[in-house]
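Bear in mind the structure is a predicted one, so any value in this text is a computation, not a measurement.
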Amino acid sequence: YCKDRGIVVSCVADGSQMDFINTVDLYAILGNALDNAIEAVEKFKHQEKRQIDVLIYRQQNFLVMNIVNPIKGNLTYEEELPVSTKGDDRFHGFGLRSMRYLVKKYDGYLTVSEEDGCFSLKILIPIPAPKA
């Protein structure tokens, strides 16, 4: 999908660190994150802005997922999450809230930030100690 639309996705991911997360939950988290990033960069005509960076790694005892992409303009926030730009909020704006719910299920945190024209979604989830 991205290749057909001239979107470059750079991904460095240590998948071995994610095995404690239910497959359906992981799919929902990453699927929503990438859908949002793709939607944001599709608005750009210039190739250099059609870029998504995905980093997934272990930092100490945490799984870190960081998805970064350029955005147009500034976003409006409600309850620490961006408000959907798709219009009717009865049908849109559930992705980040559902991601936050799933991340909390694993005692993790989801944060978003904007800096230098880029949107960053960061997820920190404690990695459970190995069972003896």
Item checked: hydrophobic_cluster_shared for Leu96 and Ile38, side chain cutoff 4.5 Å -> yes
Checklist line | Non-hydrogen side-chain atoms of Leu102 and Leu110 separated by less than 4.5 Å | finding: no
Notebook entry, point to check: Is the count of non-hydrogen atoms from other residues, nucleotides or ligands lying under 6.0 Å from Tyr27 atom OH greater than 12?
Noted result: no
Margin query: Just so I know, are the side chains of Gln17 and Tyr57 near enough to count as touching, which here means a heavy-atom distance under 4.5 Å?
Written below: no
Next item on the list: Could you check if a side-chain atom of Cys2 sits within less than 4.5 angstrom of a side-chain atom of Val8, using non-hydrogen atoms only?
Entry: no
Notebook entry, point to check: When rounded to the nearest 0.5 angstrom, what is the spacing between CD1 in Ile67 and CD1 in Ile123?
Noted result: 5.5 Å
Margin query: With a sphere of 6.0 Å drawn around CD of Glu48, does it hold more than 12 non-hydrogen atoms of other residues, nucleotides or ligands?
Written below: yes
Notebook entry, point to check: Linking I/L/V/M/F/W/Y whenever any side-chain heavy atoms sit under 4.5 Å apart, do Val103 and Val112 land together?
Noted result: yes
Check: Within the side chain of Lys72, is there an N or O that forms a donor-acceptor pair under 3.5 Å with the backbone of Lys43?
Finding: yes
Item checked: Straight-line distance of Arg97 CZ to Asn32 CG, nearest 0.5 Å -> 11.5 Å
Next item on the list: Decide whether Ile127 and Leu30 are clustered together by the hydrophobic rule: side chain heavy atoms of Ile, Leu, Val, Met, Phe, Trp, Tyr closer than 4.5 Å, transitively.
Entry: yes
Item checked: Spatial distance of atom CE (Met65) from atom CD1 (Ile29) [nearest 0.5 Å] -> 5.0 Å
Margin query: Would you say that Ile56 contacts Leu63 through its side chain, given a criterion of any heavy-atom pair below 4.5 Å between the two side chains?
Written below: yes
Item checked: Distance, nearest 0.5 Å, that separates CD of Glu115 from CD1 of Ile71 -> 11.5 Å
Check: Is the side chain of Tyr106 donor-acceptor paired with the backbone N or O of Asn22 at a distance under 3.5 Å, no angle test?
Finding: yes
Check: Taking atom CD of Gln60 as the centre, does the number of heavy atoms from other residues, nucleotides or ligands within less than 6.0 Å exceed 12?
Finding: no
Checklist line | Euclidean distance, Thr111 OG1 relative to Leu121 CG, rounded to 0.5 Å | finding: 7.5 Å
Notebook entry, point to check: Counting only N and O atoms by type, is there a donor-acceptor contact under 3.5 Å from the side chain of Arg50 to the main-chain atoms of Glu42?
Noted result: yes
Item checked: Spatial distance of atom OH (Tyr109) from atom NZ (Lys104) [nearest 0.5 Å] -> 9.0 Å
Next item on the list: Decide whether Val9 and Leu26 are clustered together by the hydrophobic rule: side chain heavy atoms of Ile, Leu, Val, Met, Phe, Trp, Tyr closer than 4.5 Å, transitively.
Entry: yes
Checklist line | Heavy-atom closest contact (Pro70 atom, Lys49 atom, distance) | finding: CG-O, 3.2 Å
